Structure formats: C-alpha cells, structure tokens
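In what follows, residues are counted from 1 in the order of the sequence shown. Treat the numbers as computed from the prediction; the structure is a model and nothing was measured. Below, each value reflects all heavy atoms present in this structure, side chains not excepted, and no hydrogens, waters or symmetry copies.
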Amino acid sequence: MRTGQPLGGRRLAALLALCLVVPPSPPLLMGQSATAPQGSTTPKPAPKPGATASPAPTPAPTPQPVDGGWPRAYSTPSGGRILIYQPQVASWDERQHMEAYAAVSWQARGATKPTLGTIKIEADTKVSHDERLVSFSDFKIAESSFPSVPREQVREVVAEIDGSIPTDERVIALDRVLASLDRSQITPKNVEGVKADPPAIFYSQTPAILVNLDGEPIWSPIRENDLKFAVNTNWDLFEHVPTKTFYLRRDDAFLMATDWKGAWTPAGKLPESFSRLPADANWKDVKAALPGRKLAADKTPNVFVSTVPAEMILLSGRPAYELVPDTKLVWVKNTESDVFRLGEKGPVYYLVSGRWFTAPDFAGPWTFATPSLPADFQEI
C-alpha cells in the first residue's frame with residue numbers, strides 16, 4: 001500500500017543521512033593504528049629480582065573487511081577528492097541487478113571544504129560466494145543530488161565520481177548487501193523458527209494516511225527561509241520555526257498541528273514562507289499545491305505517525321466479507337491490503353512483506369502467525 005509521497009531529489013539525501021551518523025568502517029586509504037595518548041604516565045610493573053623481562057606481546061592485527069572497508073577515498077582526474085560512504089542497497093532483483101544509494105563527499109581542487117551529496121547507482125552484479133563479495137563493476141549513476149553545487153556543474157561532479165573508482169574496487173561484501181535488504185526480499189516465505197516480530201499495524205475505516213519516520217524527526221533548514229523540513233521521511237513534513245507549528249502536505253492539501261505527532265487539522269491559510277520556497281525541482285510538488293485545497297473538518301483524514309516500521313490496513317467503511325470457496329475463510333474485499341478472517345468473527349490474518357500476522361480483531365494485538373496458519377489457507 002502506498003503510504004507516502006514520491007521520492008524526490010532531496011529525498012535521496014534524506015534517505016542516506018544515517019550513513020553519516022553511524023560510525024563507518026575505516027576508510028580504504030586509512031590504516032593508522034591507535035597509539036597511547038601523548039603524556040601518558042601509566043607505570044609499567046617492575047620485573048621481579050632475578051627475572052628476565054619477557055617481550056611485550058604483539059597485539060593481534062585487526063582483520064580487514066573482505067571488501068576493503070568503507071568509506072573510500074579517491075583522487076579525481078581534476079585534482080579534487082571524493083569520499084564515498086557505504087552504499088545502502090534498495091533492491092537486488094534476482095540477485096543480478098542492484099539499485100543502491102550512497103552518500104558522497106566531494107571537494108574540488110583548491111576548495112576549502114567539501115560538498116555533501118548523494119547518488120543512486122544501478123548495476124548488474126556478480127556474486128562470489130567463496131569470497132563473500134558482490135561485484136558491481138558495470139554500474140551507472142542513475143540519479144544525483146548535490147544541493148549546494150550549481151546545476152551546470154553537477155554533471156561534471158558525477159563524471160568525476162564515475163571516473164575515479166577503479167574497476168577492481170567496485171565490490172561490496174555480500175553480508176553488507178544482505179543486511180541492507182528488506183527481510184521480505186531475503187526470506188519471502190515464512191520459515192519455522194525465524195523471528196518475525198510484527199511491525200506497528202494501524203487500522204482505519206475512514207480515510208487515513210500513515211507517516212513513517214526513521215526515528216525522531218531530523219530537521220533540516222531551507223536556505224533563506226524560516227521553514228525546516230524533516231529529512232527522514234518521504235512525506236512533506238515542515239516546521240514553521242517562528243510559530244512552532246507543523247505542516248504536512250497530502251496531495252494538494254495541507255494539515256497543521258502544534259506537535260509533529262498530532263493531532264492534525266486542516267491548515268487553512270499557510271505562512272508566507274511557503275511561497276518563498278526555492279524555485280527548483282526539490283520543491284516543485286509543494287509549490288504546485290499552494291495555496292492548498294480547503295478541507296472540511298469531516299473530510300480530514302486520520303494521520304498516524306510512526307517512528308518505527310509500520311503498516312496500515314485501510315478499509316472503505318466497515319469490513320466487507322466474501323467467502324473463499326471450500327474454506328471457512330472470508331476475504332476482506334474493501335481494502336487494498338491482503339486481509340482474511342476465519343469466519344466473520346474469528347481471528348484476522350494479514351499478509352505483509354511475505355509474512356503472515358494474526359490478531360483477534362483488526363485493532364490487534366498482532367502476533368506472528370506461522371506456523372499456526374489454519375489448514376484452510378492451503379485450499380486458497
């Protein structure tokens with residue numbers, strides 16, 4: 001079920017913000033070992049009389065990651081420098097074609113500080129199970145976002161990134177890839193013994209939207225504006241700093257709240273700050289929605305905000321059931337979700353991301369259903 005707005009250019013940076021706050025593996029070009037702090041006065045134990053001092057044990061070397069580690073630093077053909085952080089894999093179709101996002105720090109020759117951006121790469125891959133490596137040597141940069149770089153210069157930056165990575169270093173550890181992927185892509189079927197805690201599951205019989213945030217909101221300022229936007233969600237979620245009011249765009253309408261968790265009501269007249277959003281592709285959809293369609297109070301959707309992975313079962317009114325032939329199951333037909341029930345008053349079963357969850361009723365509480373799925377499911 002679609003629960004958010006399309007992923008725009010600024011969303012690429014938002015999606016990868018965590019790359020820069022999670023401690024990465026040591027850079028490929030860095031191999032310095034740790035040394036004791038200067039001026040350390042920790043005394044060494046004196047040898048016993050007549051004893052021969054034994055040499056200090058040599059510390060075991062830290063094993064290097066199989067793929068060389070991340071982030072990776074390179075010099076560009078023009079004399080600049082780039083630092084590429086570990087790609088975050090979005091999809092890996094048939095284990096042959098990969099789409100991934102990576103944060104990139106680029107510093108032009110002579111520049112005093114680097115510029116941060118993101119790239120989306122698409123690549124045909126080859127896997128070496130023995131070496132636990134995935135090669136993406138044949139890749140292309142499909143999208144890029146460098147907000148502080150002039151538009152006419154972005155192509156040059158992308159070309160430098162593409163030409164700076166040696167072919168034999170276009171590899172990533174297989175275990176990193178598997179860790180990045182959604183569990184539903186790795187284990188599409190229920191497997192006995194696999195831990196599968198249910199996500200937060202919301203339920204509504206009236207129009208509703210689910211706003212997913214990756215943790216507490218991470219706010220980013222907008223140049224020459226008193227609005228901030230949340231970078232860790234794919235919704236247009238804003239904070240108007242002077243009034244400490246929050247705004248949420250849903251298609252061509254806006255909602256407002258005094259707390260980002262809600263309660264949300266029709267926004268009415270928006271602050272003038274919205275009309276001063278930069279005239280670029282990042283804000284095209286927001287500006288096209290201005291001044292915002294008026295919403296009647298009874299037409300305002302419910303807004304569920306979650307800081308953890310969540311799903312929503314949205315029904316058009318009360319549940320409408322249709323009997324599944326030759327079973328005791330009924331199919332809930334007035335929702336886009338895959339929902340069944342064992343009779344009209346029995347347990348509810350919900351299929352999401354390749355896993356079955358069950359609850360006594362739509363409101364929960366939800367638990368992992370396998371291996372207790374009724375035998376009737378085998379007859380569908």
Derivation and outcome, salt bridge (charged side-chain N to carboxylate O under 4.0 Å, His left out), residues R293 and D252: CA-CA 6 Å; R293 176 171 53 89; D252 59 348; 2.9 Å; yes
Heavy-atom donor-acceptor pair, N334 side chain to L315 backbone, under 3.5 Å: no
Ring centres under 6.0 angstrom apart (F229, W283): yes
Close aromatic pair by centroid cut-off 6.0 Å: F357 and Y350: no
Smallest separation among heavy atoms of P365 and A359, with atom names: O-CB, 3.3 Å
Those residues that, when tested against K140, pass salt bridge (Lys or Arg N to Asp or Glu O under 4.0 Å) (two or more places apart): E122
Expected output: side-chain S135 to main-chain T125 donor-acceptor under 3.5 Å: no
Side chain T118, main chain A102, donor-acceptor under 3.5 Å: no
Transitive ILVMFWY side-chain link V104 to F136, under 4.5 Å: yes
Linked, directly or transitively: I121 and V171 (ILVMFWY side chains, under 4.5 Å): no
D67 side-chain N/O to I172 backbone N/O, donor-acceptor pair under 3.5 Å: no
Under 3.5 Å donor-acceptor, K287 side chain and L277 backbone: yes
Y349-F377 aromatic ring centre distance below 6.0 Å: yes
Shortest non-hydrogen contact from L270 toward A267: CD2-CB, 3.9 Å
Candidate pair I313 and T335, rule side-chain contact (heavy atoms from CB on, under 4.5 Å), full reasoning: CA-CA 7 Å; I313 300 174; T335 176; 4.3 Å; yes
Joint hydrophobic cluster, W260 plus V303, side-chain heavy atoms closer than 4.5 Å: yes
Interatomic distance, N234 atom CG to N212 atom CG [nearest 0.5 angstrom]: 7.5 Å
Side chain T245, main chain T243, donor-acceptor under 3.5 Å: yes
Connected via hydrophobic side-chain network under 4.5 Å: V66 and Y85: no
Residues that D259 engages under salt bridge (Lys or Arg N to Asp or Glu O under 4.0 Å), provided they are two or more places apart: none
From CD1 (I201) to CZ (F304), nearest 0.5 Å: 12.5 Å
Heavy-atom pair with the smallest gap, counting every atom of L329 and L323: O-CD1, 3.3 Å
Heavy-atom closest pair, residues L255 and P301: CD1-CG, 4.3 Å
Heavy-atom closest contact (R109 atom, S78 atom, distance): CD-O, 3.4 Å
Working for side-chain contact (heavy atoms from CB on, under 4.5 Å), residues R249 and D285: CA-CA 10 Å; R249 180 178 75 88; D285 293 338; 3.6 Å; yes
Shortest non-hydrogen separation from I82 to I161 and the atoms involved: CD1-CA, 4.1 Å
Check: N232 side chain, I218 main-chain N or O, donor-acceptor pair, under 3.5 Å: yes
Check: E169 main-chain N/O paired with R72 side-chain donor or acceptor under 3.5 Å: yes
Donor-acceptor under 3.5 Å (R170 side chain, S137 main chain): yes
Any donor-acceptor N/O pair, E131 side chain to H129 backbone, under 3.5 Å: no
Set of residues satisfying ring-ring contact (aromatic ring centres under 6.0 Å, His included) with respect to F274, sequence neighbours excluded: F238, Y247, F254
Single-linkage hydrophobic cluster I141~W106, side-chain heavy atoms < 4.5 angstrom: yes
L178 and V89: CA distance, side-chain angles, deciding distance, side-chain contact (heavy atoms from CB on, under 4.5 Å) verdict: CA-CA 9 Å; L178 297 179; V89 180; over 6 Å; no
side-chain contact (heavy atoms from CB on, under 4.5 Å) between E99 and K120, worked out: CA-CA 7 Å; E99 292 186 356; K120 174 185 177 182; 3.7 Å; yes
